[in-house]
J.: 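I'd like to ask some things about the structure below.
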Amino acid sequence: MPADTSQEDVGDIEDIVSSNDLGVADRAGAKSSVVPRARRSRQRNGAGDAELAACEEAKGDSYIPGTQKVYVKTWGCSHNNSDSEYMAGQLAAYGFRITDSKEDADLWLLNSCTVKSPAEDHFRNEITQAQKLDKRLVLAGCVPQGQPNGQYMQGLSVVGVQQIDRVVEVVEETLKGHTVRLFGQKKQSGKKSGGAALSLPKIRKNPLIEIIAINTGCLNQCTYCKTKHARGDLGSYRPEEIVERARQSFAEGVVEIWLTSEDLGAYGHDIGVTLPELLWQLVEVIPQGARMRLGMTNPPYILEHLEEIAKILNHPRVYSFLHVPVQAASDSVLMDMKREYCCADFRHVADFLKARVPDVTIATDIICGFPTETEKDFEETMELVQQYKFPSLFINQFFPRPGTPAAKMHRIPPPEVKQRTKKVSELFQSYHPYTHKLGEKQQVLVTEISHDKQYFVAHNKSYDQVLVPKDEDLMGKMVEVEIVETGKHYLKGRLLTSKRDAVRPDVPPPLLKGQVSGLPQESKNGHQTSWVVHAGAVILCAAVMWRAYVIFNRAR
């Protein structure tokens, strides 16, 4: 139980014993006067001992650490998903059980996203549901970090985005009934670092895919963006840390790594390293048959490295895919957004890569209804989409995020914003980007299961989604397929490779789903086990013995 702090000047326990208290000799001399007393069977309203015992519940203030169930839910980007994997891994390594069941969990760990209002609404609703179910709560992610004084988060425990390495402490204290709000910034040599160590244990959502955050925060000051409030300025991990994490991942059976951050292109500006320097080091450690996917980069920081990026995207172990958000095709709107580039810069990036990387996929983002966007501005964005026919287009309706400069601007009427969103969505649905690939023969890497659970999902060199037959012998392997059907968001492949000839990348078998990455595994003779397991077993045994002792004494 927490100490009673209502009295002042409470000393250490040793100082509480006074000279007038009984000593050891006094107690020893009194033993002859102590006699046993027969206990009478207690009965109330005819209830016997058996019935009474069934009605009594052993109660106490003991807390057995690391034995509770934790439910983890994540919203938002791959960076958030990586953070959740690390938090789940640390909790599991300590002994907590990670569960998919909300009802069975003792505590909910909710990792939030602040990019859009609907995502925060879902987060708030989940908090309300947890409170109705009387669940302990720990909040994480960009919402509490960017808005720590939010009314609906008051009185709840929070772990900051750069403090995820201390999630075990926060969860433990919360389960004891305390409230912990842990914020802070990691620094290395006086500069902001990427965050918690990449060497921490984690539980991968998909044992075949490793998500590596190479930096956090960014260099921009976009007027609509709330994420900057949470993730802050740029903080990059050292290349050797990232490369070592990649090596470890492949040693654990991963066949695909994703690089993630708020802005991949800005990587290294704070530590004197360039993105291509990091990427070439990573390419050297990618095993034969495995692949690397690059994340999102804003145009200003990729312009200076286009030649090298094109060479890297052409590498056989790197997907020919890049996510470059344009947000709007109007230069005046981009200026009001403080995006620090013009539409011509985006076009140059897209055209350069398309000319030098065969069948490259350029994914982009559009914001509809920014406060200063006119009808003419919107038409320029429609023309850009019509020209490039992006196969992957993220269409976002503008939402004013509290605390951002754009939130103070006069809004376009919501019905008009919805209408523009509908128009660009209809344009996107009107073209089919994969029709020309019908009949092609492609090498694809199988890594996931489709949403409807009917197919396995593979990706070709362009990172197009290719559906293949659901056969366990194919998961994690490279196969050849013929494209026999194309849809708006997918290709469907007929196997040309027999199951026996499917090639596993040059990595060992992956960890089991739910298994903790980064912990020492059992040796081949089975005699070595991780120290964490030993420590957990000792703690659990001691706690069980103590509980049995307490119950035995109550029964006497």
Side-chain angles (χ1 to χ4, degrees), residues 75-81 113-120 142 218-228 231 258-266 293-303 321-351 353-354 360-373 377-401 404 406 412 417-418 420-429 431 433 463 488-489:
W75 292 265
C77 64
S78 54
H79 196 164
N80 258 23
N81 278 275
C113 172
T114 192
V115 171
K116 303 177 187 177
S117 297
E120 183 171 348
C142 293
C218 68
L219 297 172
N220 290 351
Q221 298 288 342
C222 300
T223 56
Y224 57 83
C225 183
K226 184 75 173 177
T227 306
K228 177 78 173 189
R231 297 283 183 177
W258 297 356
L259 302 188
T260 186
S261 72
E262 282 64 61
D263 190 342
L264 211 72
R293 190 195 80 174
L294 306 189
M296 188 273 286
T297 174
N298 285 309
Y301 309 111
I302 205 71
L303 283 168
F321 170 91
L322 198 62
H323 181 187
V324 188
V326 65
Q327 305 300 10
S330 164
D331 287 347
S332 63
V333 173
L334 290 174
M335 187 178 297
D336 292 336
M337 290 179 172
K338 289 195 175 179
R339 290 292 288 167
E340 299 184 3
Y341 61 87
C342 61
C343 189
D345 292 330
F346 173 83
R347 289 178 183 274
H348 177 61
V349 171
D351 294 343
L353 294 178
K354 282 179 173 291
V360 67
T361 295
I362 303 293
T364 197
D365 297 35
I366 297 290
I367 295 177
C368 296
F370 186 79
T372 62
E373 181 186 73
D377 294 328
F378 176 69
E379 287 303 321
E380 290 182 42
T381 298
M382 290 282 286
E383 290 170 11
L384 183 78
V385 175
Q386 179 66 52
Q387 177 186 349
Y388 285 91
K389 293 184 169 59
F390 303 102
S392 182
L393 179 64
F394 302 94
I395 303 168
N396 303 295
Q397 185 175 318
F398 173 77
F399 288 101
R401 304 300 292 128
T404 63
I412 296 172
V417 175
K418 290 181 180 179
R420 292 180 188 179
T421 305
K422 181 181 178 183
K423 285 181 69 174
V424 73
S425 297
E426 289 173 346
L427 173 58
F428 174 62
Q429 294 297 332
Y431 59 83
Y463 202 68
K488 176 63 182 175
H489 303 285

J.: I need the Leu334 CG to Asp345 CG distance, nearest 0.5 Å.
T.: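 Here the rounded value is 9.5 Å.
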
J.: Compute whether any side-chain donor of one residue and acceptor of the other, for Asn220 and Tyr301, lie under 3.5 angstrom apart.
T.: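 Their side chains do contain a donor-acceptor pair, which is all the 3.5 Å distance test asks for.
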
J.: What are the two closest heavy atoms between Ser117 and Pro400, and how far apart are they?
T.: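 Closest heavy-atom pair between Ser117 and Pro400: OG-O, 4.1 Å.
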
J.: Does Ser261 use its side chain to pair, donor to acceptor, with the backbone of Leu264 at less than 3.5 Å?
T.: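 Yes: the side chain of Ser261 pairs with the backbone of Leu264.
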
J.: Return the minimal non-hydrogen interatomic distance between Thr114 and Cys142, and the atom names on each side.
T.: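 The answer is CG2-CB, 3.5 Å.
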
J.: Under 4.5 Å between any side-chain heavy atoms of Thr364 and Phe346, yes or no?
T.: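 Thr364 reaches Phe346 side chain to side chain.
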
J.: How long is the gap from SG on Cys343 to NE2 on His348, to the nearest 0.5 Å?
T.: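 Answer for the SG-NE2 pair, Cys343 versus His348, is 13.5 Å.
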
J.: Restricting to non-hydrogen atoms, name the atom on Ala328 and the atom on Val333 that form the minimum distance, rounded to 0.1 Å.
T.: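 It is CB-CG1, 3.8 Å.
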
J.: Does the distance from a Lys or Arg side-chain N to an Asp or Glu carboxylate O, for Arg420 and Glu373, drop under 4.0 Å?
T.: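 A salt bridge is present here (some side-chain N lies under 4.0 Å from a carboxylate O).
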
J.: Hey, what do you get for CD (Glu379) to OG (Ser330), rounding to the nearest 0.5 Å?
T.: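 With rounding to 0.5 Å, CD (Glu379) is 12.0 Å from OG (Ser330).
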
J.: Ignoring hydrogens, what is the shortest heavy-atom contact between Arg293 and Tyr463? Give both atom names and the distance.
T.: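 Looking at all heavy atoms of both residues, the shortest contact is NH1-OH, 3.2 Å.
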
J.: Got a second to check how far Glu383's CD is from Gln386's CD, nearest 0.5 Å?
T.: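 Those atoms lie 9.5 Å apart.
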
J.: What I'd like to find out is whether the side chain of Leu322 reaches to under 4.5 Å of the side chain of Thr297, using heavy atoms alone.
T.: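 With C-beta onward as the side chain, the pair touches.
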
J.: Can you tell me how far apart CD (Gln327) and CG (Asn396) are? Round to the nearest 0.5 Å.
T.: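 Nearest 0.5 Å value for the CD-CG distance: 7.0 Å.
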
J.: A side-chain contact here means heavy atoms from C-beta on lying under 4.5 Å apart; do Ile395 and Cys368 qualify?
T.: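 Ile395 reaches Cys368 side chain to side chain.
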
J.: Is there a side-chain contact between Lys354 and Val360, using heavy atoms and a 4.5 Å cut-off?
T.: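 Lys354 reaches Val360 side chain to side chain.
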
J.: Count the heavy atoms belonging to other residues, nucleotides or ligands that lie under 6.0 Å from NZ of Lys389, then report whether that count exceeds 12.
T.: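 Yes, enclosed.
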
J.: Kindly indicate whether a cation-pi arrangement holds for Lys488 with Tyr431, taking the cut-offs as under 6.0 Å to the six-membered ring centre and within 45° of the axis.
T.: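 The answer is yes, since Lys488 meets both limits relative to Tyr431.
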
J.: Would you mind telling me which of Leu427, Ile367, Ile366 makes a side-chain contact (heavy atoms from CB on, under 4.5 Å) with Thr381?
T.: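 For Thr381, the side-chain contact (heavy atoms from CB on, under 4.5 Å) test succeeds with only one of Leu427, Ile367, Ile366, which is Ile366.
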
J.: Counting heavy atoms not belonging to Met335, are there more than 12 under 6.0 Å from its CE?
T.: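 No, the 6.0 Å shell around CE holds no more than 12 heavy atoms from other groups.
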
J.: Which pair of heavy atoms, one from Ser78 and one from Thr260, lies closest together, and at what distance?
T.: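 Heavy-atom minimum between the residues: OG-OG1, 2.7 Å.
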
J.: To the nearest 0.5 Å, how far apart are CZ in Phe378 and OG1 in Thr421?
T.: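 Rounded to the nearest 0.5 Å, the CZ-OG1 separation comes out at 7.5 Å.
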
J.: Check the pair Val326 / Arg347 against side chain to side chain contact (heavy atoms under 4.5 Å, CB included), numbers first and verdict last.
T.: CA-CA 9 Å; Val326 65; Arg347 289 178 183 274; over 6 Å; no

J.: Considering only heavy atoms from C-beta outward, does the side chain of Asn298 approach that of Pro325 to under 4.5 Å?
T.: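 Yes, side chains in contact.
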
J.: Would you mind checking if Lys228 and Glu262 are paired as a salt bridge, meaning a charged N to carboxylate O distance below 4.0 Å?
T.: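 No, this pair does not count.
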
J.: Taking all non-hydrogen atoms of both residues, which atom of Asp377 and which atom of Ser332 are closest, and how far apart?
T.: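 Between these two residues, the closest heavy atoms are OD1-OG, 3.6 Å.
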
J.: Under 4.5 Å between any side-chain heavy atoms of Tyr388 and Asp351, yes or no?
T.: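 Tyr388 reaches Asp351 side chain to side chain.
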
J.: Just so I know, are the side chains of Glu120 and Lys226 near enough to count as touching, which here means a heavy-atom distance under 4.5 Å?
T.: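 A side-chain contact under 4.5 Å is absent here.
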
J.: Side-chain donor-acceptor pair under 3.5 Å between Asp336 and Tyr224, yes or no?
T.: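 Absent: no donor and acceptor within the cut-off.
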
J.: Ignoring hydrogens and angles, tell me if any N or O in the side chain of Asp365 forms a donor-acceptor pair with the backbone of Phe394 under 3.5 Å.
T.: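 Here the side-chain-to-backbone pair does not exist.
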
J.: Taking the side chain as every heavy atom from C-beta outward, state whether Arg401 and Cys225 have any atom pair closer than 4.5 Å.
T.: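 A side-chain contact is absent here, since even the closest heavy-atom pair is not under 4.5 Å.
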
J.: Any donor-acceptor pair under 3.5 Å linking the side chain of Asp331 with the backbone of Cys342?
T.: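 Answer holds: no.
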
